[in-house]
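What follows is one structure encoded as structure tokens, with my remarks underneath.
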Amino acid sequence: MSVNALEEHEGDYRARQIRLGTWIAVGVIVIGAVRVHLDWQGGPLLVAGIGVIAVAQGAMALLPWRRLVFEPWLQPVLTVWWAANLAVLLAFTAYDVAALAIYPAGVTLILASTAALASERAVIGIGLASLAGYVSLVLTRDRPVAGTLAALTLALMAGVMWFCARTASNRRRLDTARLSAERRIEALLETSSDAVIAVHPTSGVTYSSPSVRTVLGYEQAFVTGDLLTDITHPDFLPTVMEWWLSVANGVPGFSARVESRIRRADGTWIHADVIGTNRLDDPSLQAAVISIRDITERKELEDELTRQAFADSLTGMPNRALFRDRLEHAIARNRRGGGRITLLLVDLDDFKLVNDSLGHTAGDQLIATTALRLHQQLRAADTLARLGGDEFAILVEDVTEVEAMDLGDRLLAAIRRPLRLGNREVVCTASIGVATAKAGDGDDGPDPGELLRNADLAMYAAKAAGRDRYALFDPAMYADILREADERAELERALAAEEFVVYYQPIVDLPTSRLIGVEALVRWEHPLRGLVGPNAFIPLAESTGLIVPLGRWVLRQACRQLAQWCADYPDTERIRMNVNLSARQFQHEGLVEEVGQILAETGVNPHQVVLEITESLLMQDTDSTIETLGRLKQLGVRLAIDDFGTGYSSLSYLKRFPVDILKIDRSFVDGIDTEHGDATLAEAVVQLGRALQLQTVAEGIETQEQWSTLQDLGCEFGQGYLFAKPGAAETIASILGGAKPS
Ligand code: C2E
Ligand code: MG
Ligand code: MG
């Protein structure tokens, strides 16, 4: 084989190698370009591929066989190689670049790629303006130019590829981060107690959170622009519309809240707290964000609390606050309609007695039964309320006075029916006050407070008239109140001006008619009316509580007088001073201390003082009564039961109380010598006193016959006009003076 033939053979061999290398390089470039799009490893592959081609080009330039280049089959290969290289590269680069154009790096990438391609084209253009020329340039052994070209292309392409790879991997990292953030937010929204919806004012719902399903029960896809108005309760629609307009038209960031009732998918209604925030200016949202929270539970709790605040716990009926509210509304309605409002105040008679004697459970039972019975007599539109204690109020509209009276009768009859409390059958009655008001009675119609006061007055009038009845309000009732207020003021003034005086009525030993003591009886020296007896002012003093200071004053006067008499007439040390104590004084806490103090300051012998209490007082609250009586006895005073026989005290009661004297009431003495029955009763009382080892004093002895009969019955002492009328201290002094041994 000649040298030429050998060279030729060797050239063929090399050319085959280069062709193979070139194909591999093309393959690597294609793979690299594809992978650039997938991950960063594509970059180095591309660079490697291009590097191989560059090296191959350089190597080709060293080849002695130029004709190889011009072999016809190589032309399309080179063209395909370049086309494939560029097409794939450009396609993926363009794709990535377009996707990355929003990043600043993307812009740089575009510039760099453009620069790389342009410079390469320019170099080719300046050189031979064709691929074939370019290749022949390489093959004319102009190695510096070919090398430079190859290196330049390599460097530019490597830069572009590297940049592509880095940016792509960055973007993928960002994408993954964004995706997981979105998933997190979705998951949060799914479990959130708020349903979140983004609404654009014109294009409607642009987003709805997964929690729409849990909160509202609707599928996310179901949520459309009209949804809110569709599922809002008609009562709330106007406020919700107003709220939506304020949010949609508000400034960016403006937020407003509204409470609404919303229908869930299952048809139930929930109370919802809806908050809307204007985010129309936020490019990523461009909507108003609405969050809907189910507050049904809270609302129901609130309602329950409100109901409790306005309901009476025992009967479940409206309480005073709610009744007043209803009354005000009824009056406002009436003002327009011109109707008539009737108010009935029902108060049980003797409720306290039931409560004290049968216990609170029985008392509660009585209240509940009464409430039910009253309710049964009313129409659905009427309002029944428990104002407190045993007091009920009824509001009825548009009934005539006759109808109101008829209702009053029916209510009384219903309450009067016997009822069982525990194992007892009890009959309870009530007193009812009725007040009516008609629209136009005043400019603004009647005043609720005034109507209640009127009904109250009427109720008290019914009680005063004997209970178990109703009374219609009469303006004259105000006159009674005013008169009472005047009298009270007058009494207070009299007390301050010391217009009272104490008279003394002798109590005598019946057999001898000797003075054994006196009873202090108060009188009012009225500047206009003259001397006024106690029956005219004691009841008022009792009801107003003025009896406490008045009684204290009488006791002090009486004790002073006794001390004076004792000082003036030594024989007086045996006589006793009876002073009346009213029930009201007895309830006054400081009574025992006050009595003790008066005894001490006047220096009288307590044993000479007799406190008269009434029988009815003993019937009240016996334990504390016994205690007070005991404490009074410890002071050394004696106790008498006044007007004995008029009350209901039993023998067992009397035995329990530490009393010393019984005063037989005047009513027994009155007919003692004419009516057989009274003598028997008087005798019984005397014998009772004796059996209990109590002294007996007969009151109101006016005749000799009474005197002698009482003596016959064994009554020890007496008091009456027969012996002496109540008189000023001087008249007693004269008796004492006369009785004084000379
Ligand atoms: P009382 O304690 O039962 O007093 C007896 C009353 O009978 C006195 O009436 C007396 O004047 C009257 N009286 C006495 N003997 C006769 C008689 O033979 N015939 C008639 N017809 N009446 C006679 P007075 O003074 O008008 O007192 C009436 C009541 O006023 C007293 O009844 C007593 O309950 C009460 N009272 C009087 N002063 C006081 C007082 O200072 N404090 C209290 N709490 N009550 C007083
Ligand atoms: Mg008396
Ligand atoms: Mg009496």
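Ligands are counted one by one from 1 in listed order, and the atoms in each one are counted from 1 as well.
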Below 4.0 angstrom, N of the basic side chain to O of the carboxylate: do [X] and [Y] qualify?
X      : Y      : result
Glu490 : Arg483 : no
Arg552 : Glu594 : yes
Arg488 : Glu492 : yes
Asp643 : Arg666 : no
Arg386 : Asp312 : yes
Lys352 : Asp390 : no
Glu450 : Arg453 : no

>> With no hydrogens and no angle check, just 3.5 Å: does a side-chain donor-acceptor pair link Glu519 and Gln719?
In response: yes
Which of the atoms in ligand 1, numbered in the order shown and given with their element, are less than 4.0 Å from a heavy-atom of [X]?
X      : answer
Asn535 : 28 (C), 29 (C), 30 (O)
Glu702 : 17 (C), 18 (O), 19 (N), 20 (C), 21 (N)
Asp643 : 3 (O)
Gly720 : 15 (N), 18 (O)
Glu699 : 3 (O), 5 (C)
Val554 : 41 (O)

For [X], state whether at least one heavy atom is located under 4.0 Å from any atom of ligand 1.
X      : value
Ile701 : yes
Lys725 : no
Glu519 : yes
Pro726 : yes

> Looking at the Mg ion (ligand 2), which N/O/S atom of Glu612 is the nearest one?
Replying inline: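 For Glu612, the N/O/S atom sitting closest to the Mg ion (ligand 2) is OE1.
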> Name of the Asp642 N, O or S atom nearest the Mg ion (ligand 2)?
Replying inline: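 Atom name of the closest N, O or S in Asp642: OD2.
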> Could an N or O of ligand 1 be found under 3.5 Å from any N or O of Leu581, whether backbone or side chain?
Replying inline: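 Min N/O separation from ligand 1 is not below 3.5 Å for Leu581.
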> Which value, rounded to the nearest 0.5 Å, describes the distance between Phe392 atom CZ and Phe323 atom CZ?
Replying inline: 12.5 Å
For the Mg ion (ligand 2), does an N/O/S atom of [X] lie at less than 2.8 Å?
X      : result
Glu699 : no
Asn580 : yes
Glu519 : yes

Selection from [options] by shortest heavy-atom distance to [atom]:
atom                    : options                        : answer
atom 34 (O) of ligand 1 : Val502, Asn580, Val532         : Asn580
atom 10 (C) of ligand 1 : Ile547, Ile507, Asp642, Leu521 : Leu521
atom 37 (C) of ligand 1 : Gly718, Pro534, Gly551, Ser582 : Pro534

>> Would Glu391 and Arg320 count as a salt bridge (Lys or Arg N to Asp or Glu O under 4.0 Å) here? Give the steps.
In response: CA-CA 10 Å; Glu391 202 178 21; Arg320 183 182 286 273; 3.7 Å; yes
>> Between Leu457 and Asp480, is the side chain to side chain contact (heavy atoms under 4.5 Å, CB included) condition met? List the steps.
In response: CA-CA 10 Å; Leu457 274 182; Asp480 290 347; over 6 Å; no
> Between Tyr478 and Phe473, what is the ring plane arrangement, given parallel below 30°, perpendicular above 60°, and tilted in between?
Replying inline: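 Ring orientation of Tyr478 relative to Phe473: perpendicular.
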